[in-house]
Amino acid sequence: MNKTTEAIIDQLSELILGKEEQIRLAVVCLLCKGHLLIEDLPGMGKTTLSHGLANVLGLSYQRVQFTSDLLPADITGSSVFNTQQQSFDFHPGPIFSQVLLADEINRASPKTQSALLEAMEERQVTVDGKTHPLPEPFFVIATQNPLHQSGTHPLPESQLDRFFLRISLGYPDENAEKSLILGNNLQRQSLSELSCVLDLTALAALQQAVVTVNLSDSIVQYIINLVNFTRYSGQFSDPLSPRASIALGLATRAYALTQGRDYALPDDVQAVFSAVAGHRLNISANELEDVVKGIFDNVAVVL
């Protein structure tokens, strides 16, 4: 299992330099059958990560640029009248792909955002009263511009919870940026050269293996203590819900799996905590590191 996940991470790390941990979290999200939110400035490699992940896993890929005039039917598809058959034929939209990049989701109207978020939750779309199941796996990677930028519609807190993890790629370090300037990693060319690491059967086996990773009583108690701190310390207006607790436990298991272990450690909990909790606590990516450090300082590791 570890060799497979490392092969995925290694290939993507050749595309996006210096971001191994963020790539690992994206893989964790996929293994947990969740959806990923990336909050960052344009030009940070969000599209490359999404397309590269699809290529490495051999999954179909579509990208939708969200704009203020995008309609729900532009994503889900629509029915068109067939004059020969005298009936309506459904024409599926780009949401019918295994990896969907919803680029700049917060530039679309709330109505269009809701159409996507409902499909993410139910893994199906209903058009003209008929339900159409989405493909398996179905992995949405949505990007969100910082909310201070003009023309954005913030995602409601209740809908942010539909995203399993939120990450931020951030600026590259100096060495990585030098390589980018010198053209040492020609991303578009490299994207086409990525080799498929595993097939659908192997991916399904990895996803099933996540729930077999052991969470000891002490790890479960540590997760509960972290969650309770957000509820009862008085520091957070949007504390973590039981759904967040479940996500934290599942992400901890998947992270341990990518490290080649069938048991979780406190380090695994801490490695995924920011990505699970940040958007649910309504903390911006810029403030996240300091806030999470404060939580860890106040909640002792359970041994």
Side-chain angles (χ1 to χ4, degrees), residues 26 29-39 46-47 49-55 57-145 147 151-166 199-201 203-204 207 241 243 246-247 250 279-280:
C29 190
L30 177 61
L31 295 183
C32 294
K33 301 181 182 180
H35 302 291
L36 181 67
L37 179 64
I38 306 178
E39 183 175 300
K46 302 184 290 289
T47 303
L49 172 61
S50 309
H51 202 169
L53 195 57
N55 283 6
L57 299 173
L59 304 176
S60 61
Y61 170 81
Q62 291 276 1
R63 172 181 176 271
V64 177
Q65 177 65 53
F66 277 59
T67 57
S68 58
D69 59 350
L70 189 75
L71 299 174
D74 295 331
I75 307 170
T76 61
S78 58
S79 296
V80 178
F81 189 68
N82 185 326
T83 55
Q84 293 182 337
Q85 301 292 330
Q86 293 294 298
S87 61
F88 284 92
D89 294 339
F90 177 63
H91 291 249
I95 199 171
F96 288 86
S97 58
Q98 292 167 313
V99 177
L100 176 70
L101 173 61
D103 210 2
E104 298 185 303
I105 187 174
N106 57 340
R107 290 206 179 278
S109 67
K111 186 175 183 180
T112 303
Q113 290 178 4
S114 296
L116 174 65
L117 294 166
E118 287 176 13
M120 288 163 53
E121 181 73 13
E122 299 171 4
R123 296 182 183 269
Q124 63 184 25
V125 296
T126 301
V127 177
D128 296 332
K130 188 174 181 180
T131 299
H132 305 272
L134 293 169
E136 283 289 342
F138 176 58
F139 184 38
V140 173
I141 302 176
T143 72
Q144 176 172 254
N145 290 338
L147 298 182
T152 58
H153 302 275
L155 294 171
E157 287 80 0
S158 59
Q159 296 188 346
L160 277 172
D161 199 34
R162 310 286 176 90
F163 289 99
F164 189 77
L165 299 183
R166 182 189 71 178
D199 57 22
L200 288 180
T201 302
L203 175 59
Q207 290 175 326
S241 68
R243 181 183 292 178
I246 295 168
L250 195 58
H279 57 302
R280 293 179 167 97

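The first residue of the sequence shown is numbered 1, and numbering continues consecutively from there. Below, all heavy atoms of this structure are taken into account, side chains as well, without hydrogens, waters or symmetry copies. As the structure is a computational prediction, the values presented were derived from the model and not from experiment.
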Ignoring hydrogens, what is the shortest heavy-atom contact between [X] and [Y]? Give both atom names and the distance.
X      : Y      : result
Leu70  : Thr112 : O-OG1, 2.6 Å
Ile75  : Phe66  : CD1-CZ, 3.7 Å
Leu49  : Ile38  : CD2-CD1, 4.0 Å
Leu59  : Gln98  : CA-OE1, 3.3 Å
Gly77  : Val127 : O-CG2, 4.1 Å
Leu116 : Ile105 : CD2-CD1, 3.8 Å

Distance from [X] atom [atom1] to [Y] atom [atom2], nearest 0.5 Å?
X      : Y      : atom1 : atom2 : value
Asp128 : Phe90  : CG    : CZ    : 9.0 Å
Arg123 : Ile95  : CZ    : CD1   : 11.0 Å
Cys29  : Ile141 : SG    : CD1   : 8.0 Å
Leu100 : Gln62  : CG    : CD    : 7.5 Å
Phe139 : Leu57  : CZ    : CG    : 9.0 Å
Thr143 : Asp103 : OG1   : CG    : 3.5 Å

If we only count heavy atoms from C-beta on, is the [X] to [Y] side-chain gap below 4.5 Å?
X      : Y      : answer
Gln144 : Leu37  : yes
Arg107 : Ser68  : no
Val125 : Phe96  : yes
Arg166 : Leu36  : no
Leu203 : Pro137 : yes

>> As a quick check of understanding, evaluate side-chain hydrogen bond (donor to acceptor under 3.5 Å, both in side chains) for Glu104 and Gln65, giving each step before the final call.
In response: CA-CA 7 Å; Glu104 298 185 303; Gln65 177 65 53; 2.5 Å; yes

> Who pairs with Thr201 by side chain to side chain contact (heavy atoms under 4.5 Å, CB included), at least two apart in sequence or on another chain?
Replying inline: Asp199

>> Is the distance between the ring centroids of His279 and Phe163 under 6.0 Å?
In response: no

> Given the rule in the side-chain contact (heavy atoms from CB on, under 4.5 Å) test, do Asn106 and Gln113 qualify, once you have shown the distances and angles that lead to the verdict?
Replying inline: CA-CA 8 Å; Asn106 57 340; Gln113 290 178 4; 4.3 Å; yes

>> Whether the side chain of His35 engages the backbone of Val140 through a donor-acceptor N/O pair (distance < 3.5 Å, no angle test) should be reported.
In response: yes

>> I'd like to know if the side chain of Arg280 reaches the main chain of Phe164, judged simply by a donor and an acceptor atom lying under 3.5 Å from each other, with no hydrogens or angles considered.
In response: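 Answer holds: yes.
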
>> Working note: Gln86 + Phe81, criterion side-chain contact (heavy atoms from CB on, under 4.5 Å); need CA distance, chi angles, decisive distance, verdict.
In response: CA-CA 7 Å; Gln86 293 294 298; Phe81 189 68; 3.8 Å; yes

> With distance as the sole criterion, is a donor-acceptor pair present between the side chains of Ser87 and Asn82 under 3.5 Å?
Replying inline: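 Distance-only check fails for Ser87 and Asn82.
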
> Between the side chains of Thr47 and Ser50, does any donor sit under 3.5 Å from an acceptor?
Replying inline: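 No, no side-chain donor-acceptor pair sits under 3.5 Å.
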
> So Tyr61 and Asn55, side-chain contact (heavy atoms from CB on, under 4.5 Å) or not? Walk me through it.
Replying inline: CA-CA 8 Å; Tyr61 170 81; Asn55 283 6; 5.6 Å; no

